[in-house]
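Following: one structure in structure tokens, then a few remarks.
Every number for a ligand or one of its atoms is a count from 1 in the order of the listing. Keep in mind that the numbers below use all heavy atoms, side chains included, and drop hydrogens, waters and symmetry copies. Note that the numbering runs from 1 along the sequence shown for the chain.
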Amino acid sequence: SDAERKQQLDLKKAGSFKPKNPPLVTNIYTADPSAHVFNEKIYIYPSHDIETDSAINDDGDHFAMRDYHVLSIDNHSEEVTDHGVALSLEDIKWASKQLWAPDAAEKSGQFYFYFPARDYDGIFRIGVAISDTPSGPFKAQENYIEGSFSIDPAVFKDDDGSYYLYFGGLWGGQLQNWRDGKFSIQDSYPADNEPALPAKMAKLSDDMLTLAEPVKDIVIVDESGAPITTGDNERRFFEASWLHKYQGKYYFSYSTGDTHKIAYGIADNPYGPFVYQGVILNPVLGWTNHHSIVFHQEKWWLFYHDSSLSSGKTHLRCVKKTELIHDINGKILPITAYD
Ligand code: FUB
């Protein structure tokens, strides 16, 4: 499979990679870091990667995670705290396996943790769990969010107090199984010259537990306004949605999947369309690339992962951080994670 090929290549190349940044923690494998500032600290909501006997394949069966930990950073020169298990598969009634990339949001002193997992029909859904502290433990709702599907939830709070949920992922993330608005076992993709399958989003309800509107497409367009197409693997959306706001503009960033980049587009509103701008993070060691962007202590930070802690095993990753810079025109300077 493509995943196996990339893993073998990465294991061969691992010796020559010189990572610029150390893992934030080394006691566990971590990935997909969603970072937010709550009570002046950075809280990081990562996936917790584990060893598994599951096959390495393009459906991502080897990402067999069973719980979540929360990490925090008080001050950038200090050690990162691992707050331990915040939510376990056993405590989520509707979920059967694969706790993939999560995110969290704060509203009125309550903390809402959003996470994808497969339900008992093998379909990825997005659930929410609640705590009165940012590090949990979180208590999962009885069922997944009605109308939710696919993976990689990311929550954005706008300046007017509205919250939006962005989500979606191809291949193992099953976005290609929802083309008619209902789950189909058959994969289906638009032709190479047609608009690519889009990420999804919806405003969240006031109680943060349901979608307040029908799910909408996030369309990424080129500078002439034409949607990025399926065949444009270098630029089209694959997974790992994130939204941040800079100088009044909305930046939607995402992974290009099989071309392994974090790319971004800019819009005037949270719904898009987003005009493609370029690459934020070049490919990292390991197949996946997944990130978040947050402002803390006068700087913008990029949180990301690679597989350096396991010398290149795609499903055993470690989260890292580095400074991110917007230039005077609001363009993000591309980052390479290696010397
Ligand atoms: O961690 C499992 C999956 O790998 C995530 O949901 C994707 O974004 C990719 O990083």
Side-chain angles (χ1 to χ4, degrees), residues 1-4 6-7 10 28-35 44-52 54-69 71 87 89 95 97-104 113-118 123-127 144 148-155 165-176 197 199-200 218 236-243 252-263 280-281 283-293 302-310 312-320 337:
S1 71
D2 184 51
E4 255 168 334
K6 177 81 166 74
Q7 173 143 321
D10 272 342
I28 54 171
Y29 290 111
T30 53
D32 310 322
S34 292
I44 304 152
Y45 299 89
S47 302
H48 174 195
D49 284 353
I50 52 170
E51 308 263 5
T52 174
S54 304
I56 296 175
N57 57 34
D58 292 346
D59 277 343
D61 287 348
H62 47 312
F63 298 104
M65 299 82 113
R66 298 186 60 85
D67 65 23
Y68 291 108
H69 286 222
L71 311 177
L87 180 65
L89 187 60
K97 59 180 178 178
Q98 292 180 298
L99 297 181
W100 284 14
D103 193 17
F113 182 79
Y114 297 86
F115 59 95
R118 285 193 198 244
I123 300 175
F124 267 109
R125 304 285 187 174
I126 294 169
Y144 54 78
S148 71
F149 57 94
S150 198
I151 59 165
D152 291 1
V155 185
L165 181 70
Y166 296 80
F167 61 96
L170 303 186
W171 296 13
Q174 301 178 336
L175 209 46
Q176 70 282 359
L197 283 179
K200 304 284 178 178
I218 290 293
R236 62 103 175 79
F237 170 80
F238 188 97
E239 62 186 2
S241 296
W242 189 257
L243 201 106
F252 176 72
S253 48
Y254 57 96
S255 167
T256 60
D258 56 355
T259 49
H260 315 289
K261 294 170 189 154
I262 300 296
I280 294 177
L281 179 62
V284 294
L285 182 62
W287 198 95
T288 66
N289 204 346
H290 192 132
H291 70 300
S292 64
I293 295 167
L302 175 78
F303 285 80
Y304 66 100
H305 68 222
D306 72 9
S307 292
S308 54
L309 190 58
S310 67
K313 290 195 181 131
T314 276
H315 61 294
L316 298 176
R317 300 161 288 180
C318 54
V319 300
K320 300 184 164 190

Exercise for the section: For S47 and D49, indicate whether the former's side chain and the latter's backbone hold a donor-acceptor pair under 3.5 Å. Expected result: no
Problem - Charged N-O contact under 4.0 Å between D258 and R236 - result: yes
Exercise for the section: Please tell me if the side chains of H291 and P33 come closer than 4.5 Å, counting only heavy atoms from C-beta onward. Expected result: no
Handout entry: Geometric class of the H315/F63 ring pair [parallel <30°, tilted 30-60°, perpendicular >60°]
Key = perpendicular
Exercise for the section: For atom 10 (O) of ligand 1, find the nearest protein heavy atom and state the residue, atom name and distance (0.1 Å precision). Expected result: D32 OD1, 2.6 Å
Problem - Atom indices of ligand 1, in the order listed, that fall short of 4.0 Å to a heavy atom of H290 - result: 7 (C), 8 (O), 10 (O)
Fill in the blank from the handout: Across all chains, not counting sequence neighbours, the salt bridge (charged side-chain N to carboxylate O under 4.0 Å, His left out) partners of D152 are none
Exercise for the section: Taking salt bridge (charged side-chain N to carboxylate O under 4.0 Å, His left out) as the test, write out the residues that go with D67, two or more places apart. Expected result: none
Practice task
Give the residue and atom name of whichever protein heavy atom lies nearest to atom 9 (C) of ligand 1, and the separation in Å to one decimal.
Solution key: E239 OE2, 3.4 Å
Practice task
Would you mind listing which atoms of ligand 1 come within a distance below 4.0 Å of any non-hydrogen atom of T288?
Solution key: 4 (O), 9 (C), 10 (O)
Exercise for the section: Specify side chain, backbone, both or neither for A31, according to which of its non-hydrogen atoms lie closer than 4.0 Å to ligand 1. Expected result: neither
Handout entry: Atoms of ligand 1, numbered as shown, that sit under 4.0 Å from any heavy atom of M65
Key = 1 (O), 2 (C)
Exercise for the section: Check each of F149, W100, Y144, F167 against P116 using the side chain to side chain contact (heavy atoms under 4.5 Å, CB included) test, and report the only one that passes. Expected result: W100
Practice task
Within a distance under 4.0 Å of any heavy atom of A101, pick out the atoms of ligand 1 and give their elements.
Solution key: 6 (O)
Completion exercise
Note: R317, heavy atoms under 4.0 Å from ligand 1, region reported as side chain
Exercise for the section: Starting from atom 6 (O) of ligand 1, locate the nearest protein heavy atom and write down its residue, its atom name and how far away it is, to 0.1 Å. Expected result: D152 OD1, 2.5 Å
